Amino acid sequence: MTVLAVDLGGTKVAAALVQPDGTVVEASRHRAPTGPDATTAELEVAIAGVVRDALAVADGRVLGVGLAAAGPVDETAGTTSPINLEALHGFPLRDLVADAAGGLDVEFRRDGVAIVLGEHWLGAARGHDDALGMVVSTGIGGGFVVGGRALVGNAGHIGQIEVSGYTGSESLGRTTMLESVASGPHTVEWARSQGFTGETGEELGAAYRAGDAVAVTAVRRCADAVGQGIGSAVALVPVSVVVLGGGFTRVADDFVDQVQTTVAAHPLPYVAAARVVPAGLGGDAPLVGAAALVYRRDRLP
């Protein structure tokens, strides 16, 4: 018995079979690039292809499909309009995946919802009734579990809230959004504007570890902005734990600690008390989270 997990993001679409204990079936892993330059037709082929390829190795009952996608999403219509994939704006993603999966039932939610649900199921938010899950990567996103249930729809678009004291490159036409300031690419871009000569987050991390002044400032700037965003979100939706994941959180060994320092300085005691912890599911978080949409359907409204 397995669930087909499908995760659509700004740089790739991935699919795999996931067992009831959260283990990903290695032989079923498939992925294809997406990206802002891909056409609608190319993306359709990529999405349908990874779905069919992952299902091809199924040797038992498949309970259904957990489908997670970058948002905004319309769960009723089954459509998505990813910020970083203009070719899929208003695209009927659920129908495409259902067809490619041979008519299996599809549980479709935004990726931030899936990730926090996965962390609540098997990861660092396990045992917490109120949690915020957050990803800092190419973009910034998140989702909430409140009272033991996920907030669905578009609740949790934390990358699109405003932060103070910083400006960055435009995201959705705004330079003061958290994603504009603190996403991986925008942090590297800011560092380059200050004289950093590298081009990737990995290079920025290496420079940070070597004590490069610009890299240190860039990472601290990013962590402070993320902490500000968390503080604002938790002021509105109180949680006991914030699970922080995504590739850019590994830019520095103490990145999560730096974020915690900013959150702990918040003037509202219940915000300052929130613990910021590293994500527990690692690189499989998107797929395990997508599978959780089926396995933990009882945690959805």
Side-chain angles (χ1 to χ4, degrees), residues 21-22 66 68 71 109-137 139-164 178-179 182 222-250 252-286 288-293 295-301:
D21 64 354
R109 304 288 176 177
R110 190 174 55 81
D111 54 3
V113 174
I115 286 175
V116 73
L117 193 62
E119 290 286 345
H120 183 262
W121 175 30
L122 295 171
R126 194 171 185 175
H128 292 268
D129 285 339
D130 304 297
L132 167 62
M134 190 172 169
V135 173
V136 181
S137 187
I140 294 178
F144 286 96
V145 166
V146 177
R149 293 182 179 273
L151 298 184
V152 297
N154 291 306
H157 263 291
I158 192 169
Q160 281 63 58
I161 67 174
E162 306 286 332
V163 294
S164 64
L178 178 58
E179 185 171 287
C222 173
D224 185 59
V226 170
Q228 281 192 41
I230 289 170
S232 295
V234 176
L236 292 174
V237 184
V239 302
S240 59
V241 65
V242 179
V243 178
L244 198 56
F248 201 72
T249 63
R250 295 189 289 274
D253 291 341
D254 62 345
F255 183 82
V256 173
D257 293 336
Q258 291 186 46
V259 174
Q260 176 73 83
T261 296
T262 296
V263 174
H266 197 280
L268 290 175
Y270 70 88
V271 175
R275 289 195 303 116
V276 183
V277 300
L281 297 179
D284 281 337
V288 175
L293 297 173
Y295 284 126
R296 301 308 307 268
R297 196 176 269 131
D298 61 313
R299 298 294 180 173
L300 298 172

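For the numbers below, each heavy atom of this structure counts, side chains included, while hydrogens, waters and symmetry mates do not. Nothing here was measured: the structure is a model prediction, and the numbers come from that model.
- Looking only at distances, no side-chain donor or acceptor of R250 sits under 3.5 Å from a matching main-chain atom of G245.
- Scanning all heavy atoms of the two residues, the minimum distance from A182 to V226 falls at CB-CG2, 4.0 Å.
- Annotation: D253, atom CG; neighbour count of heavy atoms from other residues, nucleotides and ligands within 6.0 Å does not exceed 12.
- The backbone N or O of A155 sits less than 3.5 Å from a side-chain atom of R110, completing a donor-acceptor pair.
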Between side-chain atoms of residues 114-127 and protein atoms elsewhere (two or more places apart, or another chain), which donor-acceptor pairs fall under 3.5 Å?
{"residue": "E119", "atom": "OE1", "partner": "A124", "partner atom": "N", "Å": "2.7"}
{"residue": "E119", "atom": "OE1", "partner": "G280", "partner atom": "N", "Å": "3.1"}
{"residue": "E119", "atom": "OE2", "partner": "G280", "partner atom": "N", "Å": "3.2"}
{"residue": "E119", "atom": "OE2", "partner": "L281", "partner atom": "N", "Å": "3.2"}
{"residue": "H120", "atom": "NE2", "partner": "H128", "partner atom": "O", "Å": "3.0"}

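- Nearest heavy-atom pair, N154 versus H157, reported as atom, atom and distance to 0.1 Å: O-CD2, 3.4 Å.
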Check: How far apart are the C-alpha atoms of V242 and V234, what are their side-chain angles, what is the distance that settles it, and do they pass the side chain to side chain contact (heavy atoms under 4.5 Å, CB included) test?
Finding: CA-CA 9 Å; V242 179; V234 176; 4.3 Å; yes
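- The shortest side-chain heavy-atom distance between S240 and R275 does not fall under the 4.5 Å cut-off.
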Margin query: side chain to side chain contact (heavy atoms under 4.5 Å, CB included) for M134 and I230? Distances and angles first, verdict last.
Written below: CA-CA 9 Å; M134 190 172 169; I230 289 170; 3.6 Å; yes
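- Closest non-hydrogen pair, A150 versus L300, comes out as CB-CD2, 4.1 Å.
- Using modelled atom types, no side-chain atom of Y270 and backbone atom of P238 make a donor-acceptor pair closer than 3.5 Å.
- Taking both residues in full, the closest heavy atoms of Q160 and I140 are given as OE1-O, 4.4 Å, listed atom of the first, atom of the second, then distance.
- With sequence neighbours left out, F255 forms a ring-ring contact (aromatic ring centres under 6.0 Å, His included) with no residue at all.
- Judged by distance alone, the side chains of D224 and T262 do bring a donor and an acceptor atom under 3.5 Å apart.
- With T249 contributing its side chain and G246 its backbone, the two residues share a donor-acceptor pair below 3.5 Å.
- Counting only heavy atoms from C-beta outward, the side chains of Q260 and V263 approach each other to under 4.5 Å.
- Listed here is the closest heavy atom pair of G142 and I158: N-CG2, 4.0 Å.
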Note to self: Apply side chain to side chain contact (heavy atoms under 4.5 Å, CB included) to residues L151 and V145 and explain how you reach the verdict.
What the structure shows: CA-CA 6 Å; L151 298 184; V145 166; over 6 Å; no
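- Listed here is the closest heavy atom pair of P301 and V152: CD-CG1, 3.4 Å.
- Here CD of E179 is found 10.0 Å from OG of S137. Values are rounded to the nearest 0.5 Å.
- Side-chain N or O atoms of D130 include one that pairs as donor or acceptor with a backbone N or O of G147 at under 3.5 Å.
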